[in-house]
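Below: one structure, written as structure tokens.
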Amino acid sequence: MPTSHGAPLILDGQATAEQIREELRELNRLRLQSGQRPPHLTAVLVGNDGGSETYVAHKIKACASVGFGSEIVRLDSSVTQKELMEVVHRLNQDPGIDGYIVQLPLPSHLDATEVNLAILPTKDVDGFHPVNLGRMALGLPCYKPATPSGILELIHRNHIDIRGMHAVVLGRSPIVGSPLAQMLSRNTTPGNCTVTLCHSRTVDLKEHCRRADLLVAALGQPGFVTADMVRPGAVVIDVGTTRVEDPSKRSGYALRGDVCFEEVAPLCRAITPVPGGVGPMTIASLLQNTWQAANPT
Ligand code: GUN
């Protein structure tokens with residue numbers, strides 16, 4: 001089996017996210033010095049899905065670590081659409097809240113699209129509202145979705161030049177795959193890739209993957225990408241964070257990425273670990289968006 005030359009660069013999302021947090025701490029220090037209050041992020045959490053609880057806890061902890069204000073609005077899983085919409089309208093009107101997110105997924109009786117459409121675009125720090133997605137498509141200032149944005153920051157801050165690369169994105173979700181494909185193809189730095197977006201109906205998916213200089217797996221299928229799908233010397237980004245049972249862990253579960261790390265890493269020029277790769281970068285990007293919300297230009 002062919003291998004790439006030298007050990008792969010492990011793209012440390014934790015360390016890169018800490019760089020971003022340090023920058024935000026300093027910006028916030030100057031903001032407070034000028035007499036302004038800290039930026040404030042609110043997270044709406046419906047029900048008690050274990051994954052969502054963990055993600056929101058990380059977001060709140062990250063806010064505290066840079067000195068931003070934050071709070072969780074907890075709603076019972078039996079909340080009605082009308083009650084949830086009332087919360088959204090209240091958050092839109094509250095001048096003390098710069099940005100907010102409604103953690104997904106919502107229980108199945110709730111309409112996430114109606115909620116998304118009602119979020120004030122200037123407070124939509126997730127970047128999921130059509131105004132922000134549309135502005136992004138046109139290259140206008142906007143809130144960019146946190147995961148794609150974090151991936152580009154991770155690549156950029158680790159000095160990987162992706163200009164001209166063939167990027168293959170696995171997964172077309174509106175939160176990750178679709179916006180990332182768009183961002184990679186734009187005439188920006190980082191950017192200027194030639195992009196192939198693969199999904200569940202793609203024919204010869206392995207062949208597409210093998211042609212990738214930059215391969216991004218965002219499918220939510222643990223271990224999907226195996227060594228035979230990766231070109232030696234490729235940069236591999238793993239967005240997957242599926243919880244799998246693991247009795248050896250105190251929590252009873254482990255996070256598994258979409259990439260079979262052990263067999264793929266030796267082939268790569270650079271690769272993200274799970275956990276500690278894309279996850280911390282997503283949260284760092286959310287903090288950047290929250291800063292932007294509190295400091296409009
Ligand atoms: N669920 C999984 N990822 C996200 C995210 O980035 N934002 C929100 N609101 N929910 C999510």
Side-chain angles (χ1 to χ4, degrees), residues 1-13 51 105 145 147-156 158 160-186 190-246 253-279 281-282:
M1 182 178 300
T3 56
S4 76
H5 298 292
L9 172 65
I10 306 297
L11 296 167
D12 185 342
T147 299
S149 196
I151 291 169
L152 292 189
E153 284 269 4
L154 186 63
I155 288 170
H156 188 57
N158 286 276
I160 295 174
D161 184 356
I162 61 171
R163 262 179 308 178
M165 279 189 178
H166 179 206
V168 174
V169 178
L170 304 181
R172 57 181 159 189
S173 79
I175 295 181
V176 183
S178 295
L180 179 63
Q182 207 178 94
M183 288 161 80
L184 287 169
S185 69
R186 286 183 41 213
N192 283 303
C193 291
T194 302
V195 180
T196 301
L197 180 56
C198 296
H199 45 74
S200 53
R201 302 293 171 92
T202 298
V203 175
D204 291 336
L205 185 123
K206 262 188 195 189
E207 291 306 314
H208 288 294
C209 293
R210 270 202 282 259
R211 281 194 289 271
D213 304 308
L214 170 63
L215 180 63
V216 183
L219 296 158
Q221 291 189 38
F224 182 89
V225 176
T226 46
D228 58 325
M229 297 164 77
V230 177
R231 190 168 123 166
V235 175
V236 175
I237 306 290
D238 190 348
V239 186
T241 48
T242 306
R243 280 181 167 206
V244 295
E245 275 186 34
D246 185 344
Y253 69 88
L255 286 185
R256 282 281 310 279
D258 287 351
V259 177
C260 235
F261 186 89
E262 286 72 23
E263 61 176 72
V264 169
L267 288 170
C268 296
R269 171 178 158 201
I271 185 167
T272 60
V274 175
V278 173
M281 292 303 297
T282 296

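Every value quoted in this text rests on a predicted model; they were computed, and no experiment measured them.
P266 approaches F261 most closely through the heavy-atom pair CD-O, 4.2 Å. Closest of all the heavy-atom pairs between G233 and R269 is O-CB, 3.2 Å. Of all the heavy atoms in G277 and M281, the pair that sits closest is O-CG, 3.6 Å. Considering all non-hydrogen atoms of both residues, A217 and V259 come closest at CB-CG2, 4.1 Å. The two residues D161 and M165 make their nearest non-hydrogen contact at O-CE, 3.6 Å. Pairing each heavy atom of C198 with each of V168, the nearest pair is SG-CG1, 3.8 Å.
Between L152 and L184, some side-chain heavy-atom pair lies under the 4.5 Å cut-off. Side-chain contact between H166 and R211 is present, with at least one heavy-atom pair separated by less than 4.5 Å. The shortest distance between side-chain heavy atoms of P179 and P145 falls below 4.5 Å. Looking only at side-chain heavy atoms (C-beta outward), I271 and V235 stay at 4.5 Å or farther from each other. A heavy-atom distance below 4.5 Å is not found between the side chains of P190 and E153. Between Y253 and R243 there is a side-chain heavy-atom pair separated by less than 4.5 Å. For the pair L219/H199, no side-chain contact is recorded, criterion being any heavy-atom separation below 4.5 Å from C-beta on. With contacts defined as side-chain heavy-atom distances shorter than 4.5 Å, the pair L214/I237 qualifies.
Expressed to the nearest 0.5 Å, how far CD1 of I162 lies from NE2 of H156 amounts to 10.0 Å. Rounding to the nearest 0.5 angstrom, the gap separating the CD1 atom in I151 from the OG1 atom in T282 is 7.0 Å. Taking CD1 from I10 and CG from N158, the interatomic distance works out to 11.0 Å, rounded to the nearest 0.5 Å. Taking CD1 from I160 and CG from L154, the interatomic distance works out to 7.5 Å, rounded to the nearest 0.5 Å. If you take CZ on R210 and CZ on R231, they are separated by 12.0 Å, rounding to the nearest 0.5 Å. With values rounded to the nearest 0.5 angstrom, T272 atom OG1 is found 11.0 Å from D12 atom CG.
No side-chain donor-acceptor contact under 3.5 Å links T241 to the backbone of L255. For Q221 (side chain) and D258 (main-chain N/O), no donor-acceptor pair under 3.5 Å exists by modelled atom type. Without hydrogens or angle criteria, R163 side chain to C193 main chain gives no donor-acceptor distance under 3.5 Å.
Screening L170, T196, V230, V225 for a side-chain contact (heavy atoms from CB on, under 4.5 Å) with C209, the sole residue that qualifies is L170.
Around CD of E207, the count of heavy atoms belonging to other residues, nucleotides or ligands within 6.0 Å exceeds 12.
Legend: residues meeting side chain to side chain contact (heavy atoms under 4.5 Å, CB included) with R256, ordered by chain and number and at least two apart, are P222, V244. For V176, the side chain to side chain contact (heavy atoms under 4.5 Å, CB included) test picks out T147, S173, A218, V239, with sequence neighbours left out.
With hydrogens and angles left out, the side-chain atoms of T202 and H208 include no donor and acceptor closer than 3.5 Å.
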